[in-house]
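This report refers to the structure that appears directly beneath it.
Chain letters run A, B, ... following the sequence lines, proteins first and then strands; every chain starts at 1. All figures in this text were calculated on a predicted structure; none of them were measured in a lab.
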Number of protein chains: 2
Amino acid sequence: MKLLTRDTDYAVRAICFIARSKEKKASVAELTFRLGMPRSFLRKILQRLNEEGLLESSKGKGGGFELAIKPEAIVLLDVMRIFQGGLNLNNCFLKKRICPEKNVCRLRREIGLIEKGTAAALSKISIASLIKSRHN
Amino acid sequence: MKLLTRDTDYAVRAICFIARSKEKKASVAELTFRLGMPRSFLRKILQRLNEEGLLESSKGKGGGFELAIKPEAIVLLDVMRIFQGGLNLNNCFLKKRICPEKNVCRLRREIGLIEKGTAAALSKISIASLIKSRHN
DNA sequence: GACAAATGACACTAATATGGTATCATTATA
DNA sequence: TATAATGATACCATATTAGTGTCATTTGTC
Ligand code: FES
Ligand code: FES
């Protein structure tokens with residue numbers, strides 16, 4: 001299984017590119033060209049990031065996307081949550097009902113802890129930290 | 001996103017049940033009844049666990065499934081790998097080719113580390129440790 | 001104002017994964 | 001030989017993932 005899906009991945013790379021660019025702003029055209037992502041798909045992703053408040057868009061000629069908040073303030077988990085809904089415990093089903101032992105279940109407790117650990121790790125990695133090195 | 005899919009979950013619970021049962025063996029009928037899982041689905045899962053060497057099956061009347069190895073030797077990651085292919089880095093695509101920066105990419109390195117950490121945590125939880133408490 | 005260059009909104013599609021069912025064959029025991 | 005079990009395997013329904021396409025709207029420039 002994959003921790004990050006494609007859209008999360010594209011989103012992170014696009015955000016990194018924008019954060020690193022001189023103008024602090026980029027159009028879909030430029031991003032498509034520089035990052036080689038499918039144009040329409042990328043547009044959808046950027047629009048979503050705009051809705052969610054990570055990016056800010058400007059329409060019309062010369063428009064594009066820029067960061068809405070500082071690169072230190074954007075972490076992987078934020079992006080992941082937008083496209084994948086974050087980490088989540090799966091329910092245990094017992095005859096199609098949610099298992100009554102849910103709260104005492106050892107398995108569920110352990111998995112819950114692991115998910116928390118993973119989420120914490122994903123929260124430590126910011127866009128700022130990613131763009132320090134030359135590569136996305 | 002969910003760390004474990006349904007089949008992994010069912011598998012773990014079934015293995016726990018078998019490990020805890022007096023006879024150290026159980027039939028699909030019994031498991032279906034006691035764990036309330038869809039019968040056919042469970043069968044498929046058990047067959048797979050048999051193929052993969054975690055369980056051993058006996059056919060014919062009085063048959064069923066028993067552990068092929070000690071409960072201490074089965075960890076969550078083993079089961080997960082069988083049904084979900086384990087944790088895996090997603091490839092970065094650049095114009096439909098695998099990204100040439102893959103090896104120097106900061107993002108990929110960080111994600112790789114997180115996956116390793118998660119996998120390590122999943123490897124620490126054995127069936128033996130799960131069946132110590134009364135609940136799966 | 002006309003035009004071009006940009007995003008907004010949103011409907012649609014294709015491919016794959018997930019969750020589940022069903023059937024017939026084979027084997028072992030009583 | 002009847003019965004109770006698994007083996008093998010095909011099938012199905014739904015959800016998720018990945019991606020495309022179109023028309024509307026906004027904005028800067030000539
Ligand atoms: S929550 Fe149902 S067995 Fe764990
Ligand atoms: S591997 Fe391609 S940008 Fe990270």
Side-chain angles (χ1 to χ4, degrees), chain A residues 1-11 13-14 18 23 25-33 35-52 54-66 68 80 82-86 88 90-96, chain B residues 1-11 13-14 18 23 25-33 35-66 68 80 82-86 88 90-93 95-96:
Chain A
M1 69 163 320
K2 281 157 187 167
L3 215 47
L4 304 190
T5 51
R6 253 325 216 283
D7 37 18
T8 305
D9 187 281
Y10 286 168
R13 283 158 65 202
I18 295 169
E23 310 293 325
K25 186 194 227 175
S27 68
V28 172
E30 186 176 8
L31 287 163
T32 298
F33 177 66
L35 302 177
M37 298 160 180
R39 186 192 179 98
S40 295
F41 195 25
L42 180 58
R43 281 192 64 194
K44 196 165 64 170
I45 290 169
L46 294 172
Q47 280 184 29
R48 187 80 198 281
L49 290 170
N50 175 53
E51 284 167 27
E52 300 283 344
L54 297 199
L55 296 182
E56 203 164 336
S57 72
S58 38
K59 292 171 81 173
K61 209 166 182 175
F65 295 86
E66 56 196 308
M80 193 180 170
I82 289 171
F83 297 103
Q84 305 177 60
N88 226 310
N90 52 351
N91 292 325
C92 165
F93 287 94
L94 189 72
K95 307 204 190 263
K96 310 209 171 175
Chain B
M1 71 164 317
K2 282 158 187 165
L3 216 47
L4 303 191
T5 51
R6 231 21 178 268
D7 38 17
T8 306
D9 186 282
Y10 286 168
R13 284 158 64 200
I18 294 169
E23 308 294 325
K25 186 195 227 175
S27 68
V28 171
E30 186 176 9
L31 287 163
T32 298
F33 177 67
L35 302 178
M37 297 161 182
R39 186 192 180 98
S40 295
F41 195 26
L42 180 58
R43 281 193 66 194
K44 198 165 62 170
I45 290 168
L46 294 172
Q47 280 184 30
R48 187 80 197 282
L49 290 170
N50 175 53
E51 283 167 27
E52 300 285 343
L54 297 199
L55 296 181
E56 204 163 337
S57 71
S58 38
K59 292 171 81 173
K61 208 166 181 174
F65 294 86
E66 57 196 308
M80 193 180 170
I82 290 171
F83 297 103
Q84 305 176 62
N88 226 310
N90 52 352
N91 291 325
C92 165
F93 286 95
K95 307 205 190 262
K96 311 210 170 171

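When the side-chain nitrogen and oxygen atoms of A:Ser57 are compared with OP1 and OP2 of C:dG8, one or more of them lie within a distance under 4.0 Å. Within the 4.0 Å cut-off from OP1 or OP2 of C:dG8, at least one side-chain nitrogen or oxygen of A:Asn50 is found.
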Got a list of protein N/O to nucleotides 28-30 of chain C N/O distances below 3.5 Å?
none

Which atoms of nucleotides 11-19 of chain D (N or O only) lie under 3.5 Å from a protein N or O atom, and what are those distances?
| unit_1 | atom_1 | unit_2 | atom_2 | d |
| --- | --- | --- | --- | --- |
| D:dA18 | OP2 | A:Arg6 | N | 3.1 |
| D:dG19 | OP1 | A:Arg6 | NH2 | 3.2 |
| D:dG19 | N7 | A:Lys44 | NZ | 3.0 |
| D:dG19 | O6 | A:Lys44 | NZ | 2.8 |

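Note: NZ (A:Lys25) to C1' (C:dT7) measures 11 Å, nearest angstrom. Atom CD of A:Gln47 and atom C1' of D:dT20 are 13 Å apart (whole Å). Rounded to whole Å, the distance from CG on B:Leu55 to P on D:dA5 is 17 Å. Rounded to whole angstrom, the span from the CZ atom of B:Arg48 across to the P atom of D:dT9 amounts to 14 Å. Taking atom CG of residue B:Leu31 and atom P of nucleotide D:dA5, one finds them 12 Å apart after rounding to whole Å. Rounded to whole Å, the distance from CD on A:Glu56 to C1' on D:dT27 is 16 Å. Distance B:Leu42 CG to D:dA5 P: 14 Å, rounded to the nearest Å. Taking atom CZ of residue A:Arg43 and atom C1' of nucleotide D:dA24, one finds them 11 Å apart after rounding to whole Å.
Within 4.0 Å (heavy atoms only), B:Arg39 reaches no atom of the nucleic acid at all.
By the side-chain hydrogen bond (donor to acceptor under 3.5 Å, both in side chains) test, A:Ser58 is found to be paired with A:Lys25, residues two or more places apart in sequence or in another chain being considered. Here A:Ser27 pairs with nothing under the side-chain hydrogen bond (donor to acceptor under 3.5 Å, both in side chains) rule; sequence neighbours left out.
Nearest heavy-atom pair, B:Leu42 versus B:Val28, reported as atom, atom and distance to 0.1 Å: CD2-O, 4.4 Å. When all heavy atoms of A:Leu49 and A:Phe83 are compared, the closest pair comes out as CD2-CE1, 3.9 Å. Between A:Leu31 and A:Ala14, the shortest heavy-atom contact is CD2-O, 4.2 Å. When all heavy atoms of B:Leu55 and B:Asn50 are compared, the pair lying nearest together is O-OD1, 3.2 Å. Pairing each heavy atom of A:Met80 with each of A:Leu4, the nearest pair is SD-CD2, 3.9 Å. A pairwise comparison of heavy atoms in A:Gln84 and A:Thr8 identifies NE2-OG1, 2.7 Å as the closest pair.
Annotation: salt bridge (Lys or Arg N to Asp or Glu O under 4.0 Å) contacts involving residues 35-48 of chain B, sequence neighbours excluded, comprise B:Arg48-B:Glu52.
Summary of helix geometry: the two end axes of the helix from C:dG1-D:dC30 to C:dA30-D:dT1, each defined by five base pairs via their C1' atoms, are inclined to each other by 0° (rounded to 10°).
Note: B:Thr5 OG1 to B:Tyr10 OH = 10.5 Å, rounded to the nearest 0.5 Å. In this structure, CD1 on B:Ile82 lies 11.0 Å from CD1 on B:Ile45, to the nearest 0.5 angstrom.
Comparing A:Gly63 and A:Glu51 by the nucleotide of DNA chain C that holds the closest heavy atom to each, the one mapping nearer the 5' end is A:Gly63.
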Review point. Would A:Phe33 and A:Glu30 satisfy side chain to side chain contact (heavy atoms under 4.5 Å, CB included), going step by step from the backbone distance to the final call?
Key: CA-CA 5 Å; A:Phe33 177 66; A:Glu30 186 176 8; 5.7 Å; no
